[in-house]
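Before any comments, here is the structure.
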2 protein chains.
Amino acid sequence: MSDLLRRLRGRGWRMTSQRRVVAEVLDGDHVHLTADEVHQRAAARLPEISRATVYNTLGELVALGEVLEVSTVGRAKRYDPNARTLHQHLVCSGCGMVRDVHPVGDAIGDLPEEERFGFTVGSVEITYRGVCPGCA
Amino acid sequence: MSDLLRRLRGRGWRMTSQRRVVAEVLDGDHVHLTADEVHQRAAARLPEISRATVYNTLGELVALGEVLEVSTVGRAKRYDPNARTLHQHLVCSGCGMVRDVHPVGDAIGDLPEEERFGFTVGSVEITYRGVCPGCA
DNA sequence: TCCTACGATGGACTTCGTCCAAGTCAAGAA
DNA sequence: TTCTTGACTTGGACGAAGTCCATCGTAGGA
């Protein structure tokens, strides 16, 4: 994740201990934490960090395209640091676990012209739902 | 929508004016209202209807499989009465408009075995994002 | 080392949704 | 038709998730 920190610094981000901790919490594959979970983990390292700062920092990371918002599980938004690799999500209906997956095929191409209603289609989000081995 | 009312009656639903109004508000294609919008439109016909009743009724319709929850636009859940025909959604990034669409192809089949992590995959939700003619 | 604009803080506020106790009423029984 | 009863509705309290804002603090350039 020092990669991320380096990129952020290159974009003129003022580096604060709070932002560093949030960025470090959001590290790894198959990470899909809620804002509250990010706050809890960040607070474990930096007890004074406030909820507002976590929301601000997450919002900035999303705006910079470094982190994706995923709204497919439960009520709260989840934050996916794996924004640099195109991928989709596989969600367990039992425990809510989320895995990053890479389907083959061309989902956008599968939408016929007459089904586009004149829209310019730019992207597609796919959520597979199923039951994980642990819940089966 | 009297179709829906008939089916609900057949399932032993006690028919009340509140439930009838909610079911009538949820009529048509490309309808994706929030609970609050359903409440507003229902209240236009039945001013005393309470928010709790709208939430209860929507929850029952979802549980019966007559209505789908769509969580792809904005914060609030939206309710899609077109549950009897398999379809996906096309969302305008500008105004938030949602259209029902029918892609060709086999999205579930496009997920390779080694990308399933042992899950039993049961369904797939696809959200196309783009810009509608009005916003372009 | 000093300045200052950018960032952090926490508490109030909004939105969306759920829960509950009490009152109401749809629809079957008589 | 009237009675009865349990399912349904109501409104207000509550809770979770997220936003806003005035004020304070500090990163990093001069």
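In what follows, chains are A, B, ... by sequence order, proteins preceding strands, each numbered from 1. As the structure is a computational prediction, the values presented were derived from the model and not from experiment.
- A salt bridge does not link B:Arg11 with B:Glu60: every distance from a Lys NZ or Arg NE/NH1/NH2 to an Asp or Glu carboxylate oxygen is 4.0 Å or more.
- B:Thr16 comes within 4.0 angstrom of the backbone, heavy atoms only, and of no base.
- Put simply, the side chain of B:Glu115 gets close to the backbone of A:His102: a donor and an acceptor are under 3.5 Å apart.
- The ring pair (Phe, Tyr, Trp, His ring centres under 6.0 Å) contacts involving residues 23-60 of chain A comprise A:His30-B:Phe117, A:His32-A:His89, where partners must be two or more places apart or lie in separate chains.
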Sequence neighbours excluded and cut-off under 3.5 Å, please list the side-chain donor-acceptor pairs for residues 43-52 of chain B, or say none.
residue: B:Arg45; atom: NH1; partner: B:Glu24; partner atom: OE1; Å: 2.9
residue: B:Ser50; atom: OG; partner: B:Thr53; partner atom: N; Å: 3.2
residue: B:Ser50; atom: OG; partner: B:Thr53; partner atom: OG1; Å: 3.1

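- The span of DNA chain C lying next to chain A, judged by atoms under 4.0 Å from heavy atoms, is bounded 5' to 3' by C:dA5 to C:dG10.
- For B:Ile49 and B:Arg75, each mapped to the nucleotide of DNA chain D holding its nearest heavy atom, the one lying further toward the 5' end belongs to B:Ile49.
- On the nucleic acid side, DNA chain D contacts chain A at distances under 4.0 Å to non-hydrogen atoms, with the end points of that region at D:dA17 to D:dG28.
- No donor-acceptor pair under 3.5 Å is formed between the side chain of B:Thr34 and the backbone N or O of B:Arg78.
- Side chain of A:Arg20 to backbone of A:Met15: no donor-acceptor contact under 3.5 angstrom is found.
- In plain terms, the two heavy atoms of A:Asp27 and A:Val31 that are nearest each other are O-CG2, 3.2 Å.
- Within a heavy-atom distance below 4.0 Å of DNA chain D, the residues of residues 55-65 of chain A found are A:Tyr55.
- Linking Ile, Leu, Val, Met, Phe, Trp and Tyr whenever their side-chain heavy atoms come within less than 4.5 Å puts B:Val121 and B:Ile126 in one cluster.
- Annotation: of the two residues near DNA chain C, A:Trp13 and B:Ala52, the 5′-most nearest-nucleotide partner is A:Trp13.
- When each of B:Arg51 and A:Arg14 is assigned the nucleotide of DNA chain C bearing its nearest heavy atom, the one mapping closer to the 5' terminus is A:Arg14.
- Qualifying side chain to side chain contact (heavy atoms under 4.5 Å, CB included) partners for A:Arg41, counting only residues two or more places apart in sequence or in other chains: A:Val25, A:Leu33.
- A donor-acceptor pair is defined here as one N or O able to donate and one able to accept, closer than 3.5 Å; such a pair exists between the side chain of B:Arg116 and the backbone of B:Leu111.
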